[in-house]
**Student:** 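A single structure is presented below for examination.
Just so we're on the same page: letters track the sequence lines, and every chain starts at 1.
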Amino acid sequence: MSESSESNSVGGIGAATAPQPRPGDPPITPELVQDHGLSPEEYDRVRDVLGREPTFTELGIFSAMWSEHCGYKNSKRLLRLLPTEAPWVIQGPGENAGVIDLGDGLALAFKIESHNHPSAVEPYQGAATGVGGILRDVFTMGARPIAILDSLRFGDLDSGRVRYLFDGVVRGIGDYGNCVGIPNIGGEVQFDRGYEDNPIVNPMCLGLMKVDELIKGEAAGVGNTLMAVGARTGRDGIHGATFASEELSEDTEASRPQVQVGDPFTEKLLLEASLELIRSGHIVGIQDMGAAGLTSTASEMAGRSGTGVEIDTLAVPVREPDMTPYEILLSESQERMLVVAKVGHEADVRAILEKWELEAAEVGKVTDDGTFRVLEGDRVVAEIPALPLTEGCPTYEREGVEAEDVQALRKMDLSPYEELEGSPADVFIRLLESPNIASKRWIYQQYDTTVRTGTVLGPGGDAGVIRIRGTTKAVAATTDCNGRYVYLEPRTGAMIAVAEAARNLVCVGALPTAVTNNLNFGSPLKSHIYYQFREAVLGMAEACKLFETPVTGGNVSFYNETDGKAIYPTPVIGMVGILDDVDKLTRHAFQSVGDAIVLLGDNTNELGGSEYLYVIHDLVAGPPPEVDLLGERRLQHAVLAAIQKGLVKSAHDVSEGGLACALAECALGDGEALLGVEVTLDDPLPTAALFFGEAQGRVIVSCHSKNAEKLQQLARDHGVPSRVIGTVTEAASGFVMHAKSADMKVDLNSMKALFFDTISNIMDAGGRE
Amino acid sequence: MRLAVVTFPGSNCDYDVYQAIKSVGGVPEFIWHRDAALDSVDAVVLPGGFSYGDYLRAGAIARMSPIMEQVVTFAAGGGPVLGICNGFQILCEAGLLPGALTRNDTLKFESKDVWVRVENADTTFSRDYGQGQALRMPIAHAEGNYYADEETLDSLESGGQVVFRYCDPSGHDGEGWNPNGSARSIAGIRNEAGNVLGMMPHPERAVEEVLGSVDGLGVFTSLLRQLSPAAA
């Protein structure tokens, strides 16, 4: 490799001398380029941007910035199809987190992020640092984190390895969030063989701020000072971004050192220090050093504000001696921030950090030449035009073709499964004790759900709800996605994810407002995966447009594969909603004996992708349930209107496990005050679909019997089918369902034991018998 | 009435305690663990959280913090000191209360609502409750398993120092209602003099109907009434 000295040719580079290789730098060979995850074409682009060959340090920088994780190279073009704007959106995609207006001068910052790869290798730290990262994304916007949710997927709990991953992930999320003191208010978990080796770990965070406290990740103001604050930089997590952009394999264990180690105590200090800094007026920009560390943070901040930055790696506080610029730039050590201090205010910044027992070091400055320049003392080790580095990553639109085996699965004849083998009660019991249906209490009892005294509805309901102190308002949040549906038909599956999230929010009385998404897929280089991705994005875009829930940001996680086998495509929807009056909050549990049980929406003869097929027949097949987006919107409006008018006493979305399982959840509530149920269904449908089918667009509400007619009139006015299907009874009367083809009666206390204890029995016993 | 809420690095219930005190008419004041003196305050609250990350033993580092010398002096002078959760752990580490809080017998972080019975309604922190009253409050801790030797436990019992004990919703002892394995289901104790209380449940999280319980209010109203009997 030759070193060119023609440094002034491209990208407005202002320095007089091109960076020179450091002693000990390996020569740049095609193999080295490949090891850095860059294709020959991408490497050519690197040379075009620089107008010369890169140094080893620069190769590392490009490798990180143009990785899938940072560069979104296989997703960017399709993501542009998502709706991102609405009058209430203050900050859309492209920043650390999205921000929406809550009124009263307040705003909500929120974001979801994946930590799948690290969690597959080291579940405890992988999940813990996922929480750390998402908290930082939110508080660097100037918002105080007020809630965490977690969207999780694992293989079947029969596997010891899966139980190890599940246990580690839950402890990791719990310990980190508990220590920082942010309540966990919900999320979801699905267990399915489709996630055997590749767990999905998507933590989401919500933060509250005053609108005028919004701050961005910008390096504005030429001459301002870059300061590294928080933890010191070590050799951990080097090239984590590139690692996250590869498939897992048997060699993955060897990448355990690429998983960072979290320190929630430092995070808590950093949180307090950062919010104090932002409010102090001494800084103009702040950003987490997340994926690709100092490199992405500094270059993105420069890129966003159209400035340049200059950093001296010798000035960066390090944990270990003899770290090279390459290592310092690409370390993903946790709990670090890059702050842009107003020139002359450096001492004030330092004083705030010192109060919180943290370090702050001046590591560089904002320049006017649009260049990301890295010095090691007097030596220039990297000099790259910032904008081409952050925005110039090649993007691809690929050919997507549906896999034939999925087509065959979707077209499978499900009629043999329409009638139940055995009694309805037996099937019902097996579904109730499926970890997918059973209560997730084993998980959320390890999470602090009440700290900060804002939680008015914690995990276990349709959505988590946090009241906003000083107002009558509350915010609700949920995460949703059924990967089986998406696998069987990605476009419909993604629409259902959006629709279900919205249904969950309206069931607690919140108006669905905005979305953050986490798109978890296999390798986009495979045409059938790219097909899934494209279709899912299209479905999501259509649903989000219709529901007026713009996407304000999110995350793409590709390469969720082990030994060539991909996970179910899992585009997780994190949706937030607003309750104007927290007193209108509605829960899923039935409230009083004698209340009418009203079904909104229609039952259908659909079994595709259902929990019933998976648990009873060991099948993931058929088409996912049909979704009528306009009908869903009418349903959302009807449920909200009924709650606003005070007509309903409970509301619950019908989803996995169908009508029977949804009614069971209403009857069991939080397990303290059980109520009985007696319903009669006159639909001319096979029992399996009627009891356990997962037809979309359905909500179970209960109301005082005198309000049943008013409620049905309201439903008619909204064009939503409704009917009284039964009555809430004494617990002693049991759980009773009548249909033309079958009847069942089940004792509530035995249901309670199955529903609440299944997961803890499995985990505490070290596995199912 | 000025009530100091001490913030250690890693405290995370300080804000909740602050709000709870305010809601019952007290005047809360954050005191940074290195900052101010406790000269002019009427009571001290050590809130919950993970002081110094609790990486060693819960409360073990915080008790060496500069403010703790003053808390010890303040308590020795009869000043009321309330420690909640991590605050209880710190009080035990500092020797202001006997015994220790060890890892939950479930070996897990336990976050849920529990019931506690008022075992002594004649204390600075419980006088607004009825004797034997059952209270619903959240717990959220990994190290709340109260331990002391038998002799100490006996003397706590006989001296009326057990103030709160885990119970069932009706206020009775019951199998399965002790969430962490605490000796004799102890949830909260006071010192011999009666001016220092430590408890694992979070009364400050049970002060509004919208939060699901108001059973924690009594801890704060009792304290305020003690401080200003005239106003009560």
**Student:** Arg165(B) and Ser185(B): side-chain hydrogen bond (donor to acceptor under 3.5 Å, both in side chains), yes or no, with the steps?
**Tutor:** CA-CA 5 Å; Arg165(B) 197 188 311 268; Ser185(B) 291; over 6 Å; no
**Student:** If I measure from the heavy atoms of chain B, does Val582(A) come under 4.5 Å with its side chain, its backbone, both, or neither?
**Tutor:** side chain
**Student:** Heavy-atom pairs under 4.5 Å with chain B - which of Glu357(A), Glu267(A), Arg171(A), Lys268(A) has more of them than the others?
**Tutor:** Glu357(A)
**Student:** Does any heavy atom of chain B fall under 4.5 Å from the side chain of Thr450(A), the backbone, both, or neither of them?
**Tutor:** both
**Student:** Please look at Pro9(B) and chain A and tell me whether the side chain, the backbone, both or neither of the residue comes under 4.5 angstrom of a heavy atom of that chain.
**Tutor:** both
**Student:** Verify whether one side chain among Glu110(B) and Thr106(B) offers a donor that lies under 3.5 Å from an acceptor in the other.
**Tutor:** yes
**Student:** Could you look at Glu672(A) and say if it's the side chain, the backbone, both or neither that has a heavy atom under 4.5 Å from chain B?
**Tutor:** side chain
**Student:** Please determine if Arg452(A) forms a cation-pi arrangement with Tyr15(B), meaning its NZ or CZ atom is less than 6.0 Å from the six-membered ring centre and no more than 45° off the ring axis.
**Tutor:** yes
**Student:** Run the numbers on Asp150(A) and Asn184(A) for side-chain contact (heavy atoms from CB on, under 4.5 Å), then give the verdict.
**Tutor:** CA-CA 8 Å; Asp150(A) 52 328; Asn184(A) 189 306; 3.4 Å; yes
**Student:** Verify the distance criterion only: is there a donor paired with an acceptor across the side chains of Asp16(B) and Gln19(B) at less than 3.5 Å?
**Tutor:** no
**Student:** Answer with side chain, backbone, both or neither: which region of Asp583(A) has an atom nearer than 4.5 Å to a non-hydrogen atom of chain B?
**Tutor:** neither
**Student:** Can the ring centres of Tyr52(B) and Phe8(B) be said to be less than 6.0 Å apart?
**Tutor:** no
**Student:** Below 4.5 Å, heavy-atom pairs only: which of Thr455(A), Leu271(A), Val456(A), Thr266(A) has the largest tally toward chain B?
**Tutor:** Val456(A)
**Student:** Output the option from His202(B), Glu209(B), Arg205(B) having the highest count of non-hydrogen pairs under 4.5 Å with chain A.
**Tutor:** Arg205(B)
**Student:** Of the backbone (N, CA, C, O) and the side chain (C-beta and beyond), which part of Arg441(A) lies under 4.5 Å from a heavy atom of chain B, both, or neither?
**Tutor:** neither
**Student:** Assess whether atom CZ of Arg57(B) is packed by more than 12 heavy atoms of other residues, nucleotides or ligands within 6.0 Å.
**Tutor:** no
